[in-house]
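Just so it is clear, the model here is predicted, and its values are computed rather than measured.
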Amino acid sequence: MVHAAQASIHAALRECTQRRHDTIEALLRLDDALDAGRYGRVLQGFEAFLTHWEPQVAAVLPLPVAGRFLARSRLGFVRADLRALGLPRWPLPHADLPRLPLGSPAAAFGSWYVLAGSALGGQLIARRAAAQLGLTPACGTAYFHGWGPATAAHWRDYLSLLEAQVPASGAAAADACVAARATFDRLIGTFACLLDERVAA
């Protein structure tokens, strides 16, 4: 539920997805001592997910915004990581394809929130992978390193677009929250399948 005191759609999205955010962090376990095999599977999962997710979001965003969205794509980064590490792409089973409730631009912004926010945390993961696994942006951490120091500026740019395009309450805000939760759910399902782990309800 979005409280009346919340003055922004960002606050609404953060609140409505907090439990799922915690769930996927616990599932990926990228804050523990990193295991090279598990790290590689996580990269495979993100590549598989983004391959299906990006076209869906881009198709619903207004055209000028869709161009900015695609310019921030990290799909090329994660594919470069897989090549550098000698890992194959992982084809998602048909039943697990990330089909999302993206019936409006507000919903697309809500879904985008999930992956845009993950880029910030990726900076920490890249540094951890460098220290523990000896990886670099040129060999294995391009996805998590993203745009390096410019990542925070890209996040602020996304938030400016979000606040300008999606009101903090009403039907559009509800669409954004439904899509954000669904995006987390699809990610959780993807990684639960790939990592062959059960997820707590």
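By the 4.5 Å heavy-atom criterion applied to side chains, Ile125 and Asp31 are not counted as neighbours. Looking at heavy atoms from C-beta onward, Val65 lies in side-chain contact with Phe109 at the 4.5 angstrom threshold. The shortest side-chain heavy-atom distance between Trp90 and Thr190 falls under the 4.5 Å cut-off. You'll find the side chain of Tyr39 reaches within 4.5 Å of the side chain of Thr141, heavy atoms only.
Note that the CD1 atom of Ile9 and the SG atom of Cys16 stand 7.5 Å from one another [nearest 0.5 Å]. For the atom pair CG (Leu115) and CZ (Phe49), the distance works out to 6.0 Å, reported to the nearest 0.5 Å. Atom CD of Glu25 and atom CD1 of Ile188 lie 11.0 Å apart (nearest 0.5 Å). Once rounded to the nearest 0.5 Å, the distance linking CG of Leu100 with NE2 of His52 reads 11.5 Å. Separating the OG1 atom in Thr23 from the CZ atom in Phe184 is a distance of 9.5 Å, to the nearest 0.5 Å. One finds the CD1 atom of Ile24 at 13.5 Å from the CZ atom of Arg29 (value rounded to the nearest 0.5 Å).
Val178 is linked by a side chain to side chain contact (heavy atoms under 4.5 Å, CB included) to Pro101, Arg181, counting only residues two or more places apart in sequence or in another chain. Residues satisfying the side-chain hydrogen bond (donor to acceptor under 3.5 Å, both in side chains) test with Ser111, not counting sequence neighbours, are Trp53, Thr183. Looking at residues two or more places apart in sequence or on another chain, you find a side chain to side chain contact (heavy atoms under 4.5 Å, CB included) between Ala142 and Phe77, Asp81. Asp185 is linked by a salt bridge (charged side-chain N to carboxylate O under 4.0 Å, His left out) to Arg20, counting only residues two or more places apart in sequence or in another chain. When the side chain to side chain contact (heavy atoms under 4.5 Å, CB included) test is applied to Arg83, the partners found at least two apart in sequence or on another chain are Arg79, Ala80. Judged as a ring-ring contact (aromatic ring centres under 6.0 Å, His included), and not counting sequence neighbours, the contacts of Phe46 are Tyr143, Phe191. Applying the side-chain hydrogen bond (donor to acceptor under 3.5 Å, both in side chains) rule to Ser169 yields no partners; only residues at least two apart in sequence or on another chain are considered. By the side chain to side chain contact (heavy atoms under 4.5 Å, CB included) test, Gln18 is found to be paired with Arg14, His21, Asp22, residues two or more places apart in sequence or in another chain being considered.
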Determine all donor-acceptor pairs shorter than 3.5 Å in which one atom belongs to a side chain in residues 144-152; sequence neighbours excluded.
residue: Thr151; atom: OG1; partner: Gln123; partner atom: NE2; Å: 3.3
residue: Thr151; atom: OG1; partner: Trp147; partner atom: N; Å: 3.3
residue: Thr151; atom: OG1; partner: Gly148; partner atom: N; Å: 3.4
residue: Thr151; atom: OG1; partner: Gly148; partner atom: O; Å: 2.9

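Within the structure, the side chain to side chain donor-acceptor pair (under 3.5 Å) test picks out no pair touching residues 127-137 (sequence neighbours left out). Within the structure, side chain to side chain donor-acceptor pair (under 3.5 Å) pairs that include any residue of residues 157-168 comprise Arg68-Asp157, Arg72-Asp157 (at least two apart or interchain). Residue pairs meeting the salt bridge (charged side-chain N to carboxylate O under 4.0 Å, His left out) criterion with at least one partner in residues 101-112, sequence neighbours excluded, are absent.
Of all the heavy atoms in Ala179 and Ala107, the pair that sits closest is CB-O, 3.1 Å. Shown here for Ala176 and Val166, the closest heavy-atom pair between the two residues is CB-CG1, 4.3 Å. Nearest approach of Pro105 to Pro62, heavy atoms of both residues: CB-CD, 4.0 Å. Looking at every heavy atom in both residues, Asp175 comes nearest to Ser104 through OD2-OG, 3.1 Å. The two residues Gly140 and Leu135 make their nearest non-hydrogen contact at O-CD1, 4.2 Å. Across Ala108 and Val57, no two heavy atoms sit closer than the pair O-CG1, 3.9 Å.
Side-chain heavy atoms closer than 4.5 Å link hydrophobic residues (I, L, V, M, F, W, Y) into clusters, and following such links, even through other members, never connects Leu124 to Val78. Both Leu70 and Val60 belong to a single network of hydrophobic side chains, linked directly or stepwise wherever heavy atoms of I, L, V, M, F, W or Y lie under 4.5 Å apart.
Distance alone, capped at 3.5 Å, places no donor-acceptor pair between the Glu47 side chain and the Arg89 backbone.
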